[in-house]
Each structure stands twice: as structure tokens, then as C-alpha cells.
Asker: 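Here it is, the structure, as C-alpha cells.
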Amino acid sequence: MTILVTGGAGFIGSNFVLDCLSESDETIINLDQLTYAGNLQNLASLEGDVRHIFVRGDIGDSALVAGLLMKYQPRAIVNFAAESHVDRSIHGPGEFIQTNIVGTFNLLEAVRAYWGALDTTAKTGFRFLHVSTDEVYGSLGKTDPAFTETHRYEPNSPYSASKAASDHLVRAYHHTYGLPVLTTNCSNNYGPYHFPEKLIPLMIVNAQAGKPLPVYGDGQQIRDWLYVKDHCSAIRRVLEAGQLGEVYNIGGWNEKPNLDIVHTVCALLDELKPRADGRPYKEQIAYVTDRPGHDRRYAIDAHKIERQLGWKPMETFETGIRKTVQWYLDNPQWVANVQSGGYRDWVAKQYGTGPKA
Ligand code: NAD
Ligand code: DAU
């Protein structure tokens, strides 16, 4: 049996590939364009493993995707590939429209053609799982109830709008063509291999480098945080037992203001790798201009996946964040390579051209 994973060299995708291959012998075809966010070093432990077949390419390249589907006949597709950083979407939304909307559309078209030609058994067993975000639901007030799967879509950034559009396309392909889809909307992930442009890894990396810890606005924006491996187990569970056409919210029951997150990271670093001058890392916190259109609060009601599929997160925030900080302390070379662009040089050598900037 084979699964096609898209975006499997990124943060969540690479954790998913590693977790899947540690738990099953199913072959994974990993289609990833290796943008700045894709990093094959995340998958270095799989070198020589015949169960992992990496293909560098764009989900929007219909001919490439059609060829991969014909050749490998996957029983399922898990679509992680996307532009994922809100701040980048504010500076330049074009790539987000291209990959998250047009790319997903092209992928769906290729999958529809492939699925339509399968025999009845393969057709019935096939799944297309689309990985999405809680940001499509917009922003909550302090006392509003958490997002359920029926919450209205109200995306506020070019990133969330592009993800919302892709969710709608996936839904439409189920209702119109009967494509067997599943959609998951998850809250903020954290853990190993997280690119240090996002809040938690940026704080860990900047703190150690003696740089400022930039907190947007008043730092009181609230996010729900989920350890990445819990997200991966939820996706596997939805793939295994999710009802076709259904949406599942995934979250960690861990709502925290950003400033608390930064303080927690600082306190862990004080304990695990104290500053040479003995002063607390929190002295490096610097309040900076807020993100335009910054959503104030996200919160996920994850009762449906718990009730229907028996999934619950394994990590508490306290255990997950400790593991995460420790992982960054144990992997300075990974951080150095990501920051120096060392992995990009390797990609250029291996594939002839570097990834998109
Ligand atoms: P990421 O930016 O770390 O990784 C994205 C991966 O997709 C990279 O490897 C990149 O090279 C690849 N990619 C980008 N454009 C591509 C294209 N056109 N064709 C093929 N590959 C392409 O992102 P992530 O944080 O791992 O997020 C993965 C998915 O999960 C995204 O769809 C994101 O919207 C969603 N999500 C993320 C979070 C989070 O907290 N990070 C939470 C909920 C949902
Ligand atoms: O909610 C799920 C989403 O979580 C995913 O869909 C996105 O792909 C993922 O990037 C993440 O989006 P956020 O915008 O919530 O994550 P980010 O790490 O960029 O920011 C988290 C919060 O921290 C947010 O309120 C902005 C703030 N922040 C972020 C950075 C990078 C800061 O205060 N300072 C910073 O330097």
C-alpha cells in the first residue's frame, strides 16, 4: 500500500512522514517543491529507506501529479503542501494564491481523474485528506465559544483566505463529483523541525543568539497550541476512520496568550541553558509593531474528533514545550543550516536549481 504525501519536507509534513514510517511499512511518496520552508534534512534519518520516495515538484504541476498517481497507485493522499506563514502572506500574497488555491485546484483535478478510473474496490477505499487550519474561522472575542466545525468561515489574512478557498474547493469536489475527501482544521503546532520564522522556534533561536524576542503589539493574542506529533496522530486517525466529506477540528485544549508562551520558553532556557551573564532571557523581550489585521484569539473545540474517532492529544503544553526547547538545544546544526541556507546550497547541488526565495 502507498500514500502520497504533499509538502512532506516541511514542518508538519516531515514529522508526519517520520511518524508514519516508524509505525507502518506503507510506502510514502513525498511530493514537495522544496520552497524555503521545505528541508530534506528533516528526513535525513530516512536515507536509504526504500519505503520513502522523494519527488521534488509542485502540487500544481498536473502532468507530474498525474504521472505519480499512475505510477504509484496510492490508496490515499494527504495534502500538507502550502505556503504557511501569515506574515509572508501579508508582504506577498501571490505565492499563497498560487500554491494554496490554484495548486490545490490542480491537485484535485489530477486526483479526480485518477480516482474516477480506479476499479470499484480501490475507488471505495481511496481517501483525499486536506490539512487545513483554524485560521479560516477568523478571530474570536475573549469569551466567545471555541470554533466548532460549523463555525462560519471568516478568514482575515491572505494566508487564511487562501486556505479557506482551498477548503471550499475540497468540499465542492466531494459534493459535486463524490471525491472521497476529509478535511482537518488544526490549531497552532509546535515541535521539532519548526522553521524559525514562527513564534516558538524564533524565540528559542533568538534567545540563544542574544537577539531581541519580538512580541507583536501587546502580546495578549491567544492561540491554541498542539504538539506536532499529536497533530500527526490525529491525521492518521481521520484517515483511518473519518467519515467521508466530514470536517474535523483538531486542537490541544491549550489556549495561551503569546506573552505567556514567550515567558515559558525563556524560563525553560533559563533552566536548561542559562545565559552566560546569569540574567533571565525574558530581559530580551522587545515589543514591536503589531501584525496588520492580527487575529486576537483562536480556540478549537475538538470534541467531535474525540467523540467520533476517540482521538485526544497525548502531550500537555508543559511536556510538549519542554521537549521542543530540548530538541532545539540538541540540534544546533539543524538551526545553523536553516539559517545559513546550507540546506539550500545542498538542494541546488542535488537538483540543479535552488528553491523559490
Ligand atoms: P511549512 O511551511 O513548514 O511546509 C510547507 C511545505 O510545503 C514545505 O516543505 C514546502 O516546500 C512545501 N510546498 C510549498 N509549496 C508547494 C507546492 N506548490 N508544491 C509542493 N510542495 C510545496 O508548513 P507547515 O507548518 O508544515 O504546514 C503544513 C500544512 O498544515 C499547511 O497546509 C498549513 O496550512 C497547515 N497547518 C499548519 C499549522 C501550523 O501550526 N504550522 C496549523 C494548522 C494547519
Ligand atoms: O492557527 C494555525 C496557524 O498557526 C497555521 O495555520 C499557520 O500556518 C501557522 O503559521 C500558525 O499561524 P500564526 O500566525 O498563529 O503563527 P506564528 O507563529 O506566525 O505566530 C503566532 C502568534 O505569535 C501570532 O499571534 C503572532 C505572534 N508573533 C509571531 C512572530 C513570528 C509575535 O508576537 N512575534 C513574532 O515574531
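Whatever order the structure lists ligands and atoms in, that order sets their numbers, starting from 1.
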Asker: For atom 21 (N) of ligand 1, tell me which residue out of H130, H194, K163, Q33 has the closest non-hydrogen atom.
Answerer: Q33
Asker: Show the numbers, then the answer: is there a salt bridge (Lys or Arg N to Asp or Glu O under 4.0 Å) between D32 and R56?
Answerer: CA-CA 5 Å; D32 193 301; R56 188 182 190 196; over 6 Å; no
Asker: Just which atoms of ligand 1 are under 4.0 Å from any heavy atom in V131?
Answerer: 30 (O), 32 (O)
Asker: What atoms in ligand 1 come closer than 4.0 Å to a heavy atom of S132?
Answerer: 43 (C), 44 (C)
Asker: Which label fits H168 and Y153: parallel for a plane angle under 30°, tilted from 30 to 60°, or perpendicular past 60°?
Answerer: tilted
Asker: Report yes if some N/O of L31 lies less than 3.5 Å from some N/O of ligand 1; otherwise report no.
Answerer: no
Asker: Under 4.0 Å from a heavy atom of A81: which atoms of ligand 1 are those, numbered in the order shown and with their elements?
Answerer: 7 (O), 20 (C), 21 (N), 22 (C)
Asker: Heavy atoms, side chains only, cut-off 4.5 Å: are F16 and V78 in contact?
Answerer: yes
Asker: Which option, C186, S84, G10, owns the non-hydrogen atom nearest atom 2 (O) of ligand 1?
Answerer: S84
Asker: Is it the case that atom CZ in R51 sees more than 12 heavy atoms from other parts of the structure closer than 6.0 Å?
Answerer: yes
Asker: Does the structure place the NZ or CZ of K304 under 6.0 Å from the centre of the six-membered ring of Y248, at an angle of no more than 45° from the ring's axis?
Answerer: yes
Asker: Hey, is ligand 1 close enough to H231 that some N/O pair sits below 3.5 Å?
Answerer: no
Asker: I'd like the name of whichever of F11, F195, Y190 reaches closest to atom 3 (O) of ligand 1 through any heavy atom.
Answerer: F11
Asker: Among residues two or more places apart or on two chains, list those pairs meeting salt bridge (Lys or Arg N to Asp or Glu O under 4.0 Å) that have a residue in residues 110-125.
Answerer: E109-R112
Asker: Measure from NZ or CZ of R88 to the centre of the six-membered ring of Y36 and say whether it is under 6.0 Å with the direction within 45° of the ring axis.
Answerer: yes
Asker: Taking side-chain hydrogen bond (donor to acceptor under 3.5 Å, both in side chains) as the cut-off, I'd like each qualifying pair that reaches into residues 202-213, sequence neighbours left out, listed once.
Answerer: Q208-K273
Asker: Below 4.0 angstrom from a heavy atom of N188, which ligand 1 atoms are there? Numbered from 1 as shown, please.
Answerer: 40 (O)
Asker: Is the count of non-hydrogen atoms from other residues, nucleotides or ligands lying under 6.0 Å from E240 atom CD greater than 12?
Answerer: yes
Asker: Run the numbers for me: atoms of ligand 1, each under 4.0 Å from some heavy atom of A9, listed by number.
Answerer: 9 (O)
Asker: Inspect the surroundings of NZ in K256 and state if more than 12 heavy atoms from other residues, nucleotides or ligands are less than 6.0 Å away.
Answerer: yes
Asker: Is Y114 close to F126 at the side-chain level, that is, under 4.5 Å between some pair of heavy atoms?
Answerer: yes
Asker: Checking D167 side chain against A165 main chain: does a donor-acceptor pair fall under 3.5 Å?
Answerer: no
Asker: Specify whether F147 and Y137 have parallel, tilted or perpendicular ring planes, treating 30° as the upper limit for parallel and 60° as the lower limit for perpendicular.
Answerer: tilted
Asker: Hey, is S14 touching ligand 1 through its side chain, its backbone, both or neither, going by heavy atoms under 4.0 Å?
Answerer: neither
Asker: Got a sec, which residues hit salt bridge (charged side-chain N to carboxylate O under 4.0 Å, His left out) with E149, two or more places apart in sequence or on another chain?
Answerer: none
Asker: Would you please determine whether L34 falls within less than 4.0 Å of ligand 1 on a heavy-atom basis?
Answerer: yes
Asker: Hey, looking at atom 20 (C) of ligand 1, which of G8, G191, G251, G57 has the closest heavy atom?
Answerer: G57
Asker: With heavy atoms of D58 as the reference, note each atom of ligand 1 found under 4.0 Å away.
Answerer: 17 (C), 18 (N), 19 (N)
Asker: I'd like the name of whichever of Y36, F16, Y159, F80 reaches closest to atom 34 (O) of ligand 1 through any heavy atom.
Answerer: Y159
Asker: Have a look at I235, T35, I200 and point out the one with the heavy atom closest to atom 13 (N) of ligand 1.
Answerer: T35
Asker: Of the side chain and backbone of F96, name the one, both, or neither that has a heavy atom under 4.0 Å from an atom of ligand 1.
Answerer: neither
Asker: Between ligand 2 and the protein, give all atom pairs where both partners are nitrogen or oxygen and the distance is under 3.5 Å, as lines of names plus distance to 0.1 Å.
Answerer:
from	atom 1	to	atom 2	distance (Å)
ligand 2	1 (O)	D134	OD1	2.5
ligand 2	1 (O)	N188	OD1	2.7
ligand 2	4 (O)	N188	OD1	3.3
ligand 2	4 (O)	N188	ND2	3.1
ligand 2	6 (O)	T133	OG1	2.7
ligand 2	6 (O)	Y159	OH	2.6
ligand 2	8 (O)	S84	O	2.7
ligand 2	8 (O)	Y159	OH	3.0
ligand 2	10 (O)	S84	O	3.2
ligand 2	10 (O)	K198	NZ	3.4
ligand 2	12 (O)	E135	OE2	2.8
ligand 2	14 (O)	R291	NH1	2.6
ligand 2	14 (O)	R291	NH2	3.3
ligand 2	15 (O)	N188	ND2	2.9
ligand 2	15 (O)	R223	NE	2.9
ligand 2	16 (O)	N188	ND2	3.4
ligand 2	18 (O)	L199	N	2.8
ligand 2	19 (O)	R291	NH2	2.9
ligand 2	23 (O)	N258	ND2	3.3
ligand 2	25 (O)	R223	NH2	3.1
ligand 2	25 (O)	N258	ND2	2.8
ligand 2	25 (O)	H294	NE2	2.7
ligand 2	33 (O)	Y216	N	2.9
ligand 2	34 (N)	P214	O	2.8
ligand 2	36 (O)	P214	O	3.3

